[in-house]
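To start, the structure itself, in structure tokens.
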Amino acid sequence: MMGTKVKNTIPLSLEQFHISEEYGFILPEPLRDLPVYYKPWMDIARNVPELISSHSLRLRIHDMPQLETHLLRTHRELRLAHLALSVMTMGYVWQEGERETIKVLPWSLSLPFCEVSQRLGLPPILIHADTVLANWKKRDPDGPFSIENLDLLLTLPGGESVRGFFLVTLLVELAAVPGLKSILDVINGVQYNDVAMVTRALDVVSQAIDSMKQALKLMHEYVDPSIFYGIMRIYLSGWKDNPLMPEGLVYEGVQEKPLEFSGGSAAQSSILHCFDELLGVQHEGSSGAFLRRMRDYMLPAHKQFIENISRRPSLRSFVLQQADERLTHTFEQCVARLVDFRNYHIIIVTRYITIPASHAKQLRANKQGLAVALDAIRSAPTALEERGTGGSGIMTFLKTVRDETKDTSISQCTNGNHVSPDPAITEIQKAASELATES
């Protein structure tokens with residue numbers, strides 16, 4: 001949380017942390033191609049779903065030439081290289097699903113991947129900064145930043161649902177940008193004892209969190225739960241805290257000992273970390289440890305921005321000291337909306353993981369003939385049923401983080417600031433409890 005120890009008077013700017021005024025943590029205008037020398041990488045990376053489908057991706061990667069990475073000179077080139085190498089890595093590891101898992105990543109992939117990762121300060125695995133922040137292009141360059149006008153640069157098995165999953169998450173990132181910019185105003189307002197400035201800025205933060213939730217609702221429209229659970233999820237899974245790869249993965253030519261890295265996770269997005277630090281949300285125990293570890297899966301500059309917020313004078317203490325009714329109300333509304341966003345994330349996880357997992361157990365027990373969609377659910381990896389792609393015990397983790405957010409409220413009885421839960425939550429929870437009763 002924002003601390004009380006260091007009163008840092010150096011003014012913050014987004015630019016110094018490689019954060020865009022227009023796009024926030026999103027990489028503006030990602031490169032669509034690498035220099036021609038890297039054509040062997042891009043030819044494979046652009047066809048990962050097809051090569052997995054024909055069970056030939058591993059063969060193609062074994063035949064891939066060993067390319068040098070020193071010709072990658074710009075940040076955007078390195079980001080596209082990391083995206084391409086990570087998509088190939090996930091495809092290589094999970095080509096055969098939970099059958100025939102591999103223990104060694106071949107040197108033609110592992111060496112350049114680790115070199116590029118080291119230059120960026122990122123781990124050599126697929127992360128949120130790849131699939132979401134640096135994996136988009138506009139169909140019409142002059143058109144809007146909308147899901148209809150956006151495409152992915154590279155994809156994984158799962159068809160349109162993969163596109164929907166990554167692009168909806170991208171729109172959540174974009175919705176946060178006004179709130180991200182207002183963090184600077186909150187910090188300055190606290191420093192200069194300007195109650196009106198802090199109140200206005202927190203109002204923008206509150207609206208941004210609500211806009212993030214509205215963007216997240218698009219998930220239901222663009223992502224099929226059976227495709228996400230049965231097909232996509234394994235390709236986002238890592239080799240830490242994963243029963244399918246208990247020893248981790250050997251990166252050939254880099255290190256003989258296996259390495260462990262977590263898979264992609266919403267916890268790798270810097271946005272909620274920023275809002276948590278601003279509002280003083282304290283995450284303890286295993287959930288706090290997991291969230292702190294996820295910061296090592298962010299770009300170093302973005303991690304530094306979060307840490308800088310945490311070293312600023314405490315906003316919550318400022319609100320308590322001022323005892324200003326409007327300021328307190330706005331602070332409480334921010335907390336309530338952050339709780340509401342996390343509640344809605346629980347709805348999403350219930351629909352896309354918990355309910356399909358219950359279905360899968362029933363279907364395996366019944367051994368009944370199935371439609372294609374149900375077949376995808378039944379064939380999903382059983383070892384991942386209760387886990388998020390980052391390796392966390394997903395429901396326990398999400399509810400703990402939500403409850404810790406609630407605890408930040410200055411008054412537990414904030415009726416005036418209460419944000420009503422989405423009606424969909426009761427329907428989805430009812431469905432989940434019915435499934436649990438039946439199974």
Side-chain angles (χ1 to χ4, degrees), residues 17-20 23-28 30 75-76 78-90 113 116-117 120-136 150 152-156 158 161-177 180 212 215-216 218-219 222-223 228 232-242 261-276 290-306 341-342 345 348-349 352-353 387-392 394 397-398 401:
F17 296 99
H18 298 182
I19 302 168
S20 162
Y23 293 112
F25 294 114
I26 299 166
L27 180 67
H75 180 74
R76 279 183 175 79
L78 288 166
R79 293 291 291 279
L80 180 54
H82 198 276
L83 171 64
L85 293 162
S86 63
V87 165
M88 284 191 277
T89 295
M90 298 319 245
F113 196 13
V116 167
S117 298
L120 286 168
L122 294 173
I125 191 169
L126 187 80
I127 56 174
H128 177 84
D130 296 316
T131 54
V132 175
L133 302 181
N135 190 25
W136 63 275
L150 290 168
L152 299 178
L153 299 174
L154 300 174
T155 192
L156 288 162
S161 285
V162 180
R163 176 181 173 271
F165 182 71
F166 292 142
L167 292 181
V168 168
T169 309
L170 182 73
L171 293 180
V172 174
E173 288 273 346
L174 189 71
V177 174
L180 194 58
M212 288 165 61
L216 187 58
L218 293 171
M219 202 68 79
Y222 289 98
V223 185
F228 177 82
M232 291 166 56
R233 204 159 65 100
I234 196 167
Y235 294 102
L236 304 175
S237 300
W239 26 97
K240 180 178 174 63
D241 303 325
N242 187 342
F261 295 105
S262 297
S265 168
Q268 293 170 3
S269 168
S270 301
I271 292 167
L272 292 186
H273 290 256
C274 288
F275 292 151
D276 279 344
F290 178 77
L291 286 170
R292 282 188 296 277
R293 189 159 58 76
M294 287 299 99
R295 292 183 185 181
D296 294 332
Y297 291 71
M298 301 171 185
L299 286 160
H302 295 172
K303 178 183 175 181
Q304 286 161 17
F305 182 67
I306 297 164
F341 180 86
R342 286 186 158 132
H345 191 204
I348 296 286
V349 170
Y352 286 89
I353 296 180
R387 310 197 76 75
T389 51
S392 61
I394 187 77
F397 169 73
L398 291 176
V401 167

task: Over 60° means perpendicular and under 30° means parallel, so classify the ring planes of F290 and F397, tilted if in between.
output: perpendicular
query: Taking the side chain as C-beta and beyond, is there a heavy-atom pair between F17 and S270 under 4.5 Å?
result: no
- prompt: Taking only residues two or more places apart in sequence, or in another chain, which ones meet S161 in a side-chain contact (heavy atoms from CB on, under 4.5 Å)?
  reply: V223, D224, I227, M232
field: Heavy-atom donor-acceptor pair, Q268 side chain to H128 backbone, under 3.5 Å
entry: yes
field: Heavy-atom pair with the smallest gap, counting every atom of R79 and A129
entry: NH2-O, 3.0 Å
query: With distance as the sole test, does H18 use its side chain to make a donor-acceptor pair with the main-chain N or O of H302 at under 3.5 Å?
result: no
task: Could you tell me whether a side-chain N or O of Y222 sits under 3.5 Å from a main-chain N or O of V168, the two making a donor and an acceptor?
output: no
message: Quick one about S117 and H82 (side-chain donor to acceptor, distance below 3.5 Å, no hydrogens or angles considered), yes or no?
response: yes
query: Could you state the interatomic distance from CD1 (I348) to CG (L216), rounded to the nearest 0.5 Å?
result: 4.5 Å
field: Minimum side-chain heavy-atom gap F25-M298 below 4.5 Å
entry: no
- request: For residues N242 and W239, report the shortest heavy-atom separation together with the two atoms involved.
  value: CB-CA, 4.4 Å
message: Looking at every non-hydrogen atom in both residues, tell me the closest pair between N135 and L83 and how far apart they are.
response: OD1-CD2, 3.4 Å
- request: Check F261 against I125 and note the closest heavy-atom contact, atom names and distance.
  value: O-CD1, 3.7 Å
task: Look up atom CE in M88 and atom CZ in F113, then write down how far apart they are to the nearest 0.5 Å.
output: 9.0 Å
Heavy-atom closest contact (A176 atom, I271 atom, distance): CB-CD1, 3.5 Å
query: Within a strict 4.5 Å, meaning less than it, do heavy atoms of the F275 and F341 side chains meet?
result: no
- line: Looking only at heavy atoms, the pair that brings L126 and Y235 closest together is CD2-O, 4.0 Å
task: Mind checking salt bridge (charged side-chain N to carboxylate O under 4.0 Å, His left out) for R163 and listing every partner two or more places apart, or none if nothing turns up?
output: D151, E160
message: Parallel, tilted or perpendicular: which one describes the rings of F165 and F228, with boundaries at 30° and 60°?
response: tilted
message: Treating R76 as the side-chain partner and A134 as the backbone partner, does any N or O pair qualify as donor plus acceptor under 3.5 Å?
response: no
- prompt: Between M90 and L236, is any pair of side-chain heavy atoms under 4.5 Å apart?
  reply: no
- prompt: Between Y23 and V177, is any pair of side-chain heavy atoms under 4.5 Å apart?
  reply: no
message: Would you say that L150 contacts L171 through its side chain, given a criterion of any heavy-atom pair below 4.5 Å between the two side chains?
response: yes
message: If you apply the rule side chain to side chain contact (heavy atoms under 4.5 Å, CB included), what do you find for L272 with M212, and how did you get there?
response: CA-CA 11 Å; L272 292 186; M212 288 165 61; 3.8 Å; yes
- line: Sequence neighbours excluded, the answer for side-chain contact (heavy atoms from CB on, under 4.5 Å) partners of P300 is Q304
- prompt: Is a side-chain N or O of W136 found less than 3.5 angstrom from the main chain of L27, in a donor-acceptor match?
  reply: yes
query: Between CG of L85 and CG of L80, what distance do you get to the nearest 0.5 Å?
result: 9.0 Å
query: Can you find a heavy atom in the side chain of T89 that is under 4.5 Å from one in the side chain of P124?
result: no
- request: Nearest 0.5 Å please: distance from the CG atom of L153 over to the OG1 atom of T131.
  value: 11.5 Å
task: Look up atom CG in L180 and atom CD1 in I19, then write down how far apart they are to the nearest 0.5 Å.
output: 5.5 Å
field: Distance (rounded to the nearest 0.5 Å) between S86 OG and L156 CG
entry: 8.0 Å
